[in-house]
Amino acid sequence: MTLNQSWVESAQANACDFPIQNLPYGVFDDGTGARMGVAIGHFVLDVGRIDHGLDPVLFAEPAWNAVMAAGPEAWARLRARLTTLLSDRAHRAAVEPHLVPMSGVRLLMPFEVTEYTDFYAGRHHAFNVGTMFRGAENALPPNWLSIPIGYNGRASSVVVSGTPVTRPWGQVKGPDEALPRFAPSARFDLELEMGAIVGQPSRGMVSVAKADEMIFGYVLLNDWSARDIQAWEYQPLGPFQAKATATTISPWIVTKAALEPFRVPTPDRERPLLPYLREPGPMLYDIGLEVALAPDGKEETIISRTSYREMYYSAAQQLAHHTSSGCSMRVGDLLGSGTISGPDKEGRGSLLELGWGGKEPLTLKTGETRSFLQDGDRLTLRGVAQGNGYRIGFGDCTGQILPAIELPDWAME
Ligand code: MN
């Protein structure tokens, strides 16, 4: 079978992250205002200005929520239309004037996040963290193999790649301290995750199959985490301020349609799941992931390599579980997968695990060591699904750590 190719020269399938097989959705500003765009090769297609075949009102606001709300039939129609316009040379003259060089645009939040939930669904991550705090015998909490555990996060914390992240202040208390202190987090960390974007609303309980149909697409997600704040605050109701500083997502929504060829099943169940969580087919995706850490202005080091296929629960299972109480889901709901760690040390998705709680600091290419993030560090998540003769990229998910703010007088003694 010959691979479909775009007439956009920089979009040759085996040579870029955004071939015609990808067509991810974002929002860009070239200096003349924020608009919806589609990545193709080294360009952003100004999709609202071409003959896209959908109601123009869906492109009136610079966010993909209205297209999502239009439903799966509209999603398929738009993708088919874009594929025709960008591969059939007959359309080149009409479309080419609306290609904007990606190097000259700022990428903005691709959608309005209406709600945000973060899960804890990576088996290796949960085991590593549990081992550190409770020992290998009791590493997994008793409910872990039955429930995709999650907590309700803050939609307001979600920012797009490139947004600086300021080191948080918070309550911390070391094991040898009698009372807590208010201090800048000294154990600020990243979490390598995927974000699933809910594109259809629900009322009442939905099946895993229906949940999968509701998902519009996926982004890379970094759930910045202050481990010292978390350790003091999290019992009994889970993370709160430790996770509320920022959550960075990659700028392009890679659609479920683009990821279809990469579906893989979740791993074998170690304990049978209740019927409402059973999957009718493969619901994970084989997406290669990596984490790069660059000290301020210096060379980066790849500190982790793993795959989204390492998750124990799929986003569809998480979404089905989320509705099991009758909880309604909204268009623009974002579900964090939970930290994605592989089975090996090289595949751990957080510094907490990579540096084993500060006991085994990492050595970077620059010769510096890290247990947790330092001011000026630039963190980048990358994701690529490798197809036969082409690849589906996500675009970088980056954030640089800024020093903690100076405290206002009323917060000091
Ligand atoms: Mn997380």
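Numbering of ligands and ligand atoms starts at 1, following listing order.
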With a 4.0 Å cut-off, would you call [X] and [Y] a salt bridge?
| X | Y | result |
| --- | --- | --- |
| Asp212 | Arg263 | yes |
| Lys173 | Asp228 | no |
| Glu191 | Lys243 | yes |

Output the atom name for the N/O/S atom of [X] with the smallest distance to the Mn ion (ligand 1).
| X | answer |
| --- | --- |
| Glu191 | OE1 |
| Glu193 | OE2 |
| Asp223 | OD2 |
| Asp118 | OD2 |

**Complete:** side chain to side chain contact (heavy atoms under 4.5 Å, CB included) test vs Phe394 passes for just one of Asn22, Asp17, Ile287, namely Ile287
